[in-house]
Amino acid sequence: MTMCATDLREIAENAGRELAGASALDVLRWADEQFGSTWCVTSSMADAVVPHLAAQVRPGVDVVFLDTGYHFAETIGTRDAVAATLPVTVRTVTPEQTVAEQDAAFGPRLFERNPDQCCALRKVAPLRRALDGYTAWASGLRRDEDAGRSDTRLVEWDARRSMVKLNPIAAWTQHDVDRYIAENGVLLNPLLFDGYGSIGCAPCTRRIKPGEDARAGRWAGTSKTECGIH
Ligand code: SF4
C-alpha cells in the first residue's frame with residue numbers, strides 16, 4: 001500500500017506522541033511493522049549503536065553511509081568493520097563531484113570559505129538522493145548532544161524530505177550509550193579513544209579539550225553546528 005505524504009505525516013506525528021517514552025528497539029519495531037523494508041539507518045560511523053539496534057529488528061537492514069571524500073581513514077575502517085561484522089547492508093553514497101572536481105569548480109578548500117555550501121554539496125544533496133525510495137530513516141541523533149537537538153522526538157515528520165524520521169536513541173544520555181556499547185561489544189571509531197568527541201569530516205573536526213562538549217570539535221571556531229542533514 002502506498003501512503004501519501006499527508007497520511008505519513010499523520011502517522012509520524014501520532015507516533016511521536018504515542019511512542020514518546022518507548023525504548024529504542026520499540027521505536028524501530030514500530031517502524032518495521034509500519035514500513036516493512038522501506039526504512040533505513042544512516043550512520044556517520046562514529047559508533048555502530050543504531051546499526052546494531054536496527055539489525056536486531058531487521059537483519060540485513062540498509063545502513064547508509066555518506067562518504068564525503070573528506071573522512072578520516074579510521075571512519076572508513078569503521079564502516080568496513082561494521083559491514084563485515086553486523087548483519088546489515090552498508091550502502092556507501094558519494095557526492096556527484098569528487099573532491100578534485102569540486103576544487104576545480106568552486107576553488108580549493110571550500111570547507112574553509114563556505115562550509116554550508118560544501119556540506120550542501122557533499123552531504124545534504126547525496127543524502128537526499130540516497131533516501132529516495134525509503135519511507136522512513138533512522139539516525140543516532142540525541143537530545144543531550146547539543147542545545148539545538150534538545151526537543152528531538154523519537155519519531156518525527158521530516159517535512160523537507162516528506163519522510164518519517166526515527167530518532168530511536170534521542171532520549172539516551174552519553175552514559176546510556178556507553179553502557180549499551182559495553183554490554184553489547186558495539187564497534188567504535190578508534191578516534192573516540194584519541195581525543196575526539198564527535199567525528200565528521202577531517203578538515204572540520206578537531207580533538208576536544210577536557211570539559212568541552214562532545215561536539216565542540218565540529219566546525220570549531222565558526223558558528224556552524226550542524227551540516228544541514230537533520
Ligand atoms: S563537514 Fe566540512 S568537509 Fe565535510 S562536507 Fe561539511 S564543510 Fe565539507
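Sequence positions, counted from 1, serve as the residue numbers for this chain. Remember, it's 1-based here, ligands and their atoms both numbered in the order they're listed.
- Of all protein N/O/S atoms, those under 2.8 Å from atom 8 (Fe) of ligand 1 are Cys118 SG, and waters are not counted.
- Checked against a 6.0 Å centroid threshold, the rings of His71 and Phe65 count as neighbours.
- Taking the six-membered ring for Trp and the full ring otherwise, the centers of Trp30 and Phe35 sit less than 6.0 Å from each other.
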Side chains of residues 81-94: which donor-acceptor partners sit under 3.5 Å, not counting sequence neighbours?
unit_1, atom_1, unit_2, atom_2, d
Thr85, OG1, Ala81, O, 2.7
Thr89, OG1, Gly60, O, 2.9
Arg91, NH1, Ala130, O, 3.3
Arg91, NH1, Tyr134, OH, 2.8
Thr92, OG1, Arg79, NH1, 3.2

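- Salt-bridge formation is detected for the pair Arg179/Asp176: a Lys NZ or Arg NE/NH1/NH2 atom is positioned less than 4.0 Å from an Asp or Glu carboxylate oxygen.
- The ring-ring contact (aromatic ring centres under 6.0 Å, His included) check on Trp39 picks up nothing, with sequence neighbours excluded.
- Counting only residues at least two apart or on different chains, the salt bridge (charged side-chain N to carboxylate O under 4.0 Å, His left out) pairs with a member in residues 57-71 are Asp32-Arg58.
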